[in-house]
Amino acid sequence: MFVFHIAFSLTLIALLGGCFLYMKAAAHHKEAGAGFAKLIAVLVILVSLVSSVCISYCGIKLWQSGVFQNMMNMHQAMNKDMISKDVMTKHHK
């Protein structure tokens, strides 16, 4: 769950950075490179918005499926599942 929060926080930081860059470029619109800075700012804003929607959707789906209901994280759950499959295959031989 913490990875979800960290990823969402990074998208918010990118969104703020893009907005800041756009405002600075708009304030200095007559200087060289202002158009390019606006283009980069718009791209950063769009990518951060799409990323935040995707991260939110995946986080909500994982939460609804019950992955975050116990204290065991996904990596530990996968390892536990692999170990139990390995034990079962060795036991049945």
Side-chain angles (χ1 to χ4, degrees):
M1 188 71 174
F2 292 118
V3 175
F4 164 72
H5 287 103
I6 292 169
F8 192 75
S9 297
L10 288 175
T11 60
L12 290 178
I13 291 169
L15 181 64
L16 288 173
C19 290
F20 179 75
L21 180 60
Y22 187 83
M23 290 187 322
K24 283 293 195 181
H28 300 284
H29 66 280
K30 293 184 179 181
E31 294 182 20
F36 183 68
K38 281 185 184 179
L39 176 69
I40 296 298
V42 169
L43 288 175
V44 168
I45 290 169
L46 289 176
V47 168
S48 66
L49 287 175
V50 170
S51 296
S52 64
V53 168
C54 182
I55 290 168
S56 298
Y57 175 78
C58 292
I60 290 169
K61 284 296 184 183
L62 285 172
W63 179 70
Q64 287 177 344
S65 70
V67 172
F68 301 130
Q69 298 300 324
N70 58 5
M71 294 299 289
M72 186 183 307
N73 65 20
M74 290 189 316
H75 180 69
Q76 289 172 336
M78 287 179 9
N79 284 340
K80 182 181 176 186
D81 189 42
M82 286 181 193
I83 290 171
S84 65
K85 285 180 184 176
D86 189 39
V87 169
M88 293 298 284
T89 57
K90 287 181 182 177
H91 187 322
H92 291 291
K93 286 186 178 180

>> I'd like to know whether V44 forms a side chain to side chain contact (heavy atoms under 4.5 Å, CB included) with L21, so could you lay out the CA-CA distance, the side-chain angles of the two residues, the decisive distance to 0.1 Å, and finally the verdict.
In response: CA-CA 9 Å; V44 168; L21 180 60; 5.7 Å; no
> Between A25 and A37, which heavy-atom pair has the shortest distance, and what is it?
Replying inline: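 Nearest heavy atoms, A25 then A37: CB-CB, 3.8 Å.
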Approximate separation, where rounding is to 0.5 Å, of [X] [atom1] and [Y] [atom2]:
X   : Y   : atom1 : atom2 : value
S56 : F4  : OG    : CZ    : 5.0 Å
L43 : S48 : CG    : OG    : 10.5 Å
T11 : L16 : OG1   : CG    : 9.5 Å
E31 : K24 : CD    : NZ    : 10.5 Å
S65 : I60 : OG    : CD1   : 12.0 Å

Side-chain heavy-atom pair [X], [Y] within 4.5 angstrom cut-off:
X   : Y   : result
L49 : L15 : yes
L12 : F8  : yes
C19 : I45 : yes

>> If hydrophobic clusters are built from ILVMFWY residues whose side chains come within less than 4.5 Å, do Y22 and L46 share one?
In response: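 Same hydrophobic cluster.
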> Going only through I, L, V, M, F, W and Y residues with side-chain contacts under 4.5 Å, is there a path from Y57 to L62?
Replying inline: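 Per the 4.5 Å side-chain linkage, Y57 and L62 are not co-clustered.
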